[in-house]
Amino acid sequence: MPSIDHLKQGSADQDEAEVNSQHQGSLQNQNHYLCGSVAAFANIAITFPMHKVLFRQQLFGLRALEAVRQLQKDGLRTLYRGILPPLLQKSSTIAVMFGLYEDFSRLLRLHAPLAPELMTQSVAAILAGTAEAIFTPFERIQTLLQDPRHHGNLQNTAHIFRMLLQQHGIQELYRGLVPILLRNGPSNALFFGLRGPLKELLPEVETKAGHLVNDFLCGGILGAGLGVLFYPLNVVKSHAQAQIGGEFQSSRVILATILKERDGKVNRLFRGVHLNYQRSIISWGIINATYELLLKMF
């Protein structure tokens with residue numbers, strides 16, 4: 001029969017094991033945020049020039065070559081103008097996207113263990129995507145910095161942030177919030193819901209390089225497909241955020257205005273979608289592969 005001392009020691013060991021387990025879980029949750037942030041930083045640094053070409057196409061309905069010529073005319077001095085907001089925004093939102101998705105998934109499994117896994121993943125992804133929208137001001141400022149019509153009167157991130165707050169109030173920083181919300185939740189749900197099944201369809205690999213390639217392909221294919229699916233929302237968002245002051249128009253009104261400007265042709269609403277597709281393959285390939293690689297290193 002075990003002595004009281006042995007029982008006490010066993011209880012203490014169990015408590016210590018639970019504390020260590022909780023500590024390890026906390027560190028692992030923090031790793032999801034850190035890995036997401038670093039992955040996003042690497043992506044923006046590599047793909048920012050492509051994003052500027054795409055933005056010109058979304059805003060002015062230009063062909064890719066015309067947008068490139070505009071950037072060439074502006075010169076190298078302005079090529080990376082506006083990179084700070086997306087660096088801050090993407091590093092934050094991708095960290096939130098991966099980190100909160102894992103946190104919400106864990107909480108939902110804890111409090112609703114009988115819920116289907118697909119429902120748990122979808123709800124967690126939508127909640128994470130909705131939370132990402134808090135960083136809308138970064139997208140707002142990035143849009144204004146990239147718009148050539150504002151090159152002469154808007155200096156930098158701090159200047160625009162201060163000007164919008166002082167002259168128009170905090171609501172001006174969140175212009176374009178609705179299309180962002182409509183984009184973030186559903187796209188997150190599809191990304192996290194399809195990421196696992198898609199990777200299973202890829203050829204089995206055993207090497208680290210093979211896993212890195214599969215993660216890149218998985219992220220790239222999903223990112224490109226979702227980019228095409230939600231492209232009109234990004235066009236509406238760009239048009240909304242290019243405006244300073246004035247009435248806050250609904251997404252439906254903005255969409256109707258864009259179609260009218262483009263002779264009512266829906267295909268012109270997708271100007272830039274080819275470059276967006278190519279950029280998304282690279283961007284989300286980098287993000288997913290870097291995230292998975294870093295997660296394995298910690």
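If you're wondering where the values come from, they're calculated on a predicted model, not measured in any experiment.
Put simply, the side chain of Ser250 gets close to the backbone of Val253: a donor and an acceptor are under 3.5 Å apart. Panel note: side chain Asn184, backbone Thr130; no donor-acceptor pair is recorded below 3.5 Å. A distance-only check finds a donor-acceptor pair linking the side chain of Tyr174 to the backbone of Ile134 [under 3.5 Å]. A donor-acceptor pair under 3.5 Å links the side-chain atoms of Asp147 to the main chain of Arg149, judged by distance alone.
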Tabulate below the donor-acceptor pairs under 3.5 Å that side-chain atoms of residues 64-71 make, not counting sequence neighbours, or state none.
from, atom 1, to, atom 2, distance (Å)
Glu66, OE1, Arg63, N, 2.9
Gln70, OE1, Arg56, NH1, 2.7

Kindly list each side-chain donor-acceptor pair under 3.5 angstrom involving residues 166-173, sequence neighbours excluded, with atom names and distances?
from, atom 1, to, atom 2, distance (Å)
Gln171, NE2, His168, O, 2.8
Glu172, OE1, Arg175, NH2, 3.1
Glu172, OE2, Arg140, NH2, 2.5
Glu172, OE2, Arg175, NE, 2.9
Glu172, OE2, Arg175, NH2, 3.2
Glu172, OE2, Gly245, N, 2.9

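Residue pairs meeting the side chain to side chain donor-acceptor pair (under 3.5 Å) criterion with at least one member in residues 216-227, sequence neighbours excluded, do not occur. Among residue pairs with one or both ends in residues 203-213, none qualify as salt bridge (Lys or Arg N to Asp or Glu O under 4.0 Å); sequence neighbours excluded. Within the structure, salt bridge (Lys or Arg N to Asp or Glu O under 4.0 Å) contacts touching residues 111-125 (residues at least two apart or in different chains) are Arg109-Glu117. Identified under the ring pair (Phe, Tyr, Trp, His ring centres under 6.0 Å) test for residues 186-208, with sequence neighbours left out: Phe98-Phe192, Tyr101-Phe192, Phe191-Trp284.
Placement of Leu110 and Phe104 in two distinct hydrophobic clusters is found when ILVMFWY residues are connected by side-chain heavy-atom separations under 4.5 Å, directly or transitively. Both Ile46 and Ile281 are members of a single hydrophobic cluster when ILVMFWY side chains are connected at heavy-atom separations under 4.5 Å. Both Ile244 and Leu165 are members of a single hydrophobic cluster when ILVMFWY side chains are connected at heavy-atom separations under 4.5 Å. Cluster membership for Leu79 and Leu87, using ILVMFWY side-chain heavy atoms within less than 4.5 angstrom, is shared. Hydrophobic clustering (side-chain heavy atoms under 4.5 Å, transitive across Ile, Leu, Val, Met, Phe, Trp, Tyr) keeps Ile126 apart from Phe230.
Counting heavy atoms from C-beta on, the side chains of Leu269 and Leu255 come closer than 4.5 Å. Looking at heavy atoms from C-beta onward, Arg195 lies in side-chain contact with Asn288 at the 4.5 angstrom threshold. In this structure, the side chains of Leu62 and Arg271 stay at 4.5 Å or more apart for every pair of heavy atoms. The closest side-chain heavy-atom distance from Asp215 to Thr290 is not below 4.5 Å. Annotation: side chain of Gln155 is not in contact with side chain of Met163 (no heavy-atom distance under 4.5 Å). Using a 4.5 Å heavy-atom threshold, the side chains of Tyr33 and Asp103 count as touching. When side chains are defined from C-beta on, His211 does not count as touching Thr207, because their heavy atoms never get closer than 4.5 Å.
The neighbour count for Phe60 CZ, taken as heavy atoms of other residues, nucleotides or ligands under 6.0 Å away, is above 12. When the shell of 6.0 Å around CZ of Phe270 is examined, it contains more than 12 heavy atoms from other residues, nucleotides or ligands. More than 12 non-hydrogen atoms from other residues, nucleotides or ligands lie less than 6.0 angstrom from NZ of Lys296.
Here the shortest heavy-atom pairing between Ala133 and Leu177 reads CB-CD1, 3.8 Å. For the residue pair Ser251 and Pro179, the shortest heavy atom distance occurs at OG-CD, 3.4 Å. Contact detail for Asn276 and Arg279: the closest heavy-atom pair is OD1-NH2, 3.2 Å. Of all heavy-atom pairs between Leu198 and Cys218, the closest is CD2-O, 3.7 Å. Considering every non-hydrogen atom in both Gly36 and Ile94, the closest pair reads O-CG2, 3.3 Å. Residue Val96 comes nearest to Ala131 through the heavy atom pair CG1-CB, 4.3 Å, listed as atom of the first residue, atom of the second, then distance.
Between atom OG1 of residue Thr136 and atom CD1 of residue Ile180 there is a gap of 3.5 Å, rounded to the nearest 0.5 Å. Expressed to the nearest 0.5 Å, how far OG of Ser122 lies from CG of Leu108 amounts to 10.5 Å. Atoms CG and CZ, from Leu259 and Arg262 in turn, are 8.5 Å apart once rounded to the nearest 0.5 Å. To the nearest 0.5 Å, the span separating CD on Gln241 from CG on Leu144 amounts to 8.0 Å. The line from CD of Gln243 to OG1 of Thr143 is 12.5 Å long, rounded to the nearest 0.5 Å. From Thr93, atom OG1 reaches atom CE of Met97 across 8.5 Å, with rounding to the nearest 0.5 Å.
Tyr291 meets the side-chain hydrogen bond (donor to acceptor under 3.5 Å, both in side chains) test with His32; sequence neighbours excluded. Applying the side-chain hydrogen bond (donor to acceptor under 3.5 Å, both in side chains) criterion to Asn188, with sequence neighbours excluded, gives Glu132. Qualifying side-chain hydrogen bond (donor to acceptor under 3.5 Å, both in side chains) partners for Arg81, counting only residues two or more places apart in sequence or in other chains: none. Scanning for ring pair (Phe, Tyr, Trp, His ring centres under 6.0 Å) contacts around Phe138 gives an empty result, with sequence neighbours left out. Looking at residues two or more places apart in sequence or on another chain, you find a side-chain hydrogen bond (donor to acceptor under 3.5 Å, both in side chains) between Ser238 and Gln58.
Counting Ile, Leu, Val, Met, Phe, Trp and Tyr side chains that sit under 4.5 Å apart, directly or through other members, Leu202 shares a hydrophobic cluster with Val213, Leu217.
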Residue pair Ile160, Leu145: steps toward the side chain to side chain contact (heavy atoms under 4.5 Å, CB included) verdict
CA-CA 8 Å; Ile160 297 174; Leu145 282 171; 3.5 Å; yes
### Message
Applying side chain to side chain contact (heavy atoms under 4.5 Å, CB included) to Met50 and Leu275, what does each step give before you reach the verdict?
### Response
CA-CA 8 Å; Met50 292 179 66; Leu275 181 60; 3.8 Å; yes
Q: Show the numbers, then the answer: is there a side chain to side chain contact (heavy atoms under 4.5 Å, CB included) between Tyr231 and Val235?
A: CA-CA 6 Å; Tyr231 191 79; Val235 174; 3.5 Å; yes
- Query: Can you list the steps and then say if Lys237 with Arg183 is a side chain to side chain contact (heavy atoms under 4.5 Å, CB included)?
  - Reply: CA-CA 10 Å; Lys237 187 263 305 179; Arg183 176 197 67 189; 4.1 Å; yes
